[in-house]
Amino acid sequence: MRVFVDCDPGIDDAVALAYLAARPDVEIAGVGAVFGNSGVDATADNALRLLELYGRPDVPVAVGAARPLVQPPRLAPHVHGGNGLGGVELPAPSREPVAESAAELLVRLARQSPGELDVLAVGPLTNLAIALGLEPNLPSLVRKLVVMGGAVQVPGNVSSHAEANIANDPEAAEAVLGAGFDLDLVALDITMRTVATTAWLDELKTVPGERARRTSQFLDFYADFYTGIFGSRQCAMHDPLAAAVLLDAHLVTASFDAPVRVELSGGLTRGMTVADLRPRPGQDERRPVRVVTGVAEEEFLTRMLDALR
């Protein structure tokens, strides 16, 4: 598999990169950084540091959008720490981002190998929306797009209805969801039910090596935040689960297909992902997306632990 990763590292983005990097059958063709958990300069720098930590120092990293298409950016230092990695300081990267923007890099890679590139998008979708402006045929050039984002039949996490990645750029998300990609949506519906438990986090601490040690430190900070949500020491595995859905499709045990739109104007519902669940959604001209609702959680967590060994 050849995968382009669009991300905003971010602790769970870091764990997703670890999942990808551990796989010898996966070529990470490029990484695009976007604002989100931190500002874009920080997320690009974190991506470079993480790729060196996880043994993929040659993957090109491109700087992408620094802000949403319309609204001001909203960052999340309370969730991911001031540096985006829970305050854990990794060695400075040995290289700089490439000269291309994230959107330009994605378009170039997709044009080079039509139908062979998969895209994993685990941050705000601004870079992908810009890429669609550069190459309107991008959905036919990309084999599969997996998006971590949205809250379809569950509450949001930054508002009553909206999930963070979608809420950070609703206009971009609406453009991407309506573009016609072969798209899997890994939303809060499943990520908030797929958690690293206390036992799993404790087992990670016993795994030798720098990759596991640093990742455990990231997740300690992350679990501190999520303990206030779950009431016990565990954390949602948002982005790594999306990576697993892309790489190991057999882990998906339940899903449904439906057209999905993003609410742009509602005073209380801006950023909400609205699925058309009517009995005859085929009347909708928008291509349905696959909304993941069930996964083999234990196998995923075992694979995630193995990736860090």
Side-chain angles (χ1 to χ4, degrees), residues 1 3-23 25-26 28 31 36-37 43 46-47 49-51 53-56 59 76 79-80 84-86 88 118-123 144-150 157 163-165 184-201 203-205 207 209 211-223 225-226 230 234-253 292-309:
M1 296 179 69
V3 179
F4 180 89
V5 185
D6 198 77
C7 57
D8 58 337
I11 292 170
D12 55 334
D13 307 72
V15 185
L17 287 172
Y19 194 95
L20 291 162
R23 294 285 288 270
D25 57 334
V26 174
I28 305 177
V31 170
N37 295 321
T43 62
N46 285 345
R49 294 172 188 244
L50 289 164
L51 288 165
L53 172 67
Y54 295 133
R56 297 290 185 105
V59 173
V79 181
H80 297 270
L85 296 175
V88 179
D118 295 308
V119 177
L120 175 67
V122 291
K144 166 72 76 174
L145 169 61
V146 174
V147 171
M148 189 279 122
N157 61 358
E163 178 275 333
N165 285 339
D184 287 356
L185 189 66
V186 182
L188 297 183
D189 304 57
I190 187 62
T191 63
M192 288 297 287
R193 294 190 284 112
T194 307
V195 300
T197 62
T198 300
W200 190 94
L201 293 168
E203 186 174 357
L204 177 59
K205 292 182 185 298
V207 176
R211 299 174 191 181
R213 185 177 72 86
R214 292 294 198 178
T215 305
S216 179
Q217 291 174 338
F218 303 153
L219 289 173
D220 276 345
F221 186 95
Y222 205 47
F225 171 78
Y226 271 102
F230 289 122
Q234 56 188 17
C235 56
M237 298 289 270
H238 304 290
D239 294 352
L241 182 61
V245 167
L246 176 61
L247 268 57
D248 302 304
H250 73 276
L251 293 174
V252 177
T253 60
V292 176
T293 57
V295 296
E297 180 178 354
E298 291 303 318
E299 182 180 351
F300 159 65
L301 290 170
T302 297
R303 285 175 173 267
M304 187 67 253
L305 203 60
D306 288 344
L308 294 166
R309 293 191 189 280

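Below, all heavy atoms of this structure are taken into account, side chains as well, without hydrogens, waters or symmetry copies.
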Mind listing the closest non-hydrogen atom pair of [X] and [Y] along with its distance?
X    : Y    : result
A236 : F230 : N-CE1, 3.9 Å
L201 : A223 : CD1-CB, 4.0 Å
N37  : G10  : ND2-CA, 3.4 Å
A242 : V122 : CB-CG1, 4.1 Å
A18  : A307 : O-CB, 4.1 Å
I11  : G86  : CD1-N, 3.9 Å

Only one of D239, L246, L247 clears side-chain contact (heavy atoms from CB on, under 4.5 Å) with Y19; which?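 Among D239, L246, L247, the one that satisfies the side-chain contact (heavy atoms from CB on, under 4.5 Å) with Y19 is L247.
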Would you please name every residue forming a ring pair (Phe, Tyr, Trp, His ring centres under 6.0 Å) with Y54, sequence neighbours left out?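 Listed in chain order: nothing, the list is empty.
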Start with the C-alpha gap between V31 and L51, add the side-chain angles, then the distance that decides, and say whether side chain to side chain contact (heavy atoms under 4.5 Å, CB included) holds. CA-CA 10 Å; V31 170; L51 288 165; 4.1 Å; yes
Mind checking whether [X] and [Y] have side chains closer than 4.5 Å, heavy atoms only?
X    : Y    : result
V15  : M237 : yes
E298 : R303 : no
F300 : L241 : yes
M1   : D25  : no
V147 : V186 : no

Looking only at the aromatic ring of each residue, does the gap between the centers of Y222 and F218 stay below 6.0 angstrom?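 Distance test on ring centres: not under 6.0 Å, no.
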To the nearest 0.5 Å, what is the distance between [atom1] on [X] and [atom2] on [Y]?
X    : Y    : atom1 : atom2 : result
E299 : T253 : CD    : OG1   : 10.5 Å
L185 : E163 : CG    : CD    : 8.5 Å
S216 : E203 : OG    : CD    : 11.5 Å
L20  : R56  : CG    : CZ    : 8.0 Å
L219 : K205 : CG    : NZ    : 9.0 Å
T197 : E297 : OG1   : CD    : 8.0 Å

Is a donor on one side and an acceptor on the other found under 3.5 Å between the side chain of [X] and the backbone of [Y]?
X    : Y    : answer
N165 : M148 : yes
N46  : P9   : yes
R211 : L308 : no
N157 : A164 : yes

Sort and list the pairs that fulfil side chain to side chain donor-acceptor pair (under 3.5 Å) and have at least one residue in residues 184-195, not counting sequence neighbours.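 Every pair satisfying side chain to side chain donor-acceptor pair (under 3.5 Å) with a residue in residues 184-195: K144-D184, D184-R290, T191-H238.
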Using the rule given for side chain to side chain contact (heavy atoms under 4.5 Å, CB included), can you reason through V3 versus V119, listing the C-alpha separation, both sets of side-chain angles and the distance that settles it, and then say yes or no? CA-CA 6 Å; V3 179; V119 177; over 6 Å; no
Test W200 against L305 for side chain to side chain contact (heavy atoms under 4.5 Å, CB included), laying out the working first. CA-CA 8 Å; W200 190 94; L305 203 60; 3.9 Å; yes
Residues D306, R309: salt bridge by 4.0 Å N-O rule: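 Yes, D306 and R309 are salt-bridged.
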Candidate pair H80 and F225, rule side chain to side chain contact (heavy atoms under 4.5 Å, CB included), full reasoning: CA-CA 9 Å; H80 297 270; F225 171 78; over 6 Å; no
Got a sec, which pairs hit salt bridge (charged side-chain N to carboxylate O under 4.0 Å, His left out) with one end in residues 8-19, sequence neighbours left out?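 Of all non-adjacent pairs touching residues 8-19, none passes salt bridge (charged side-chain N to carboxylate O under 4.0 Å, His left out).
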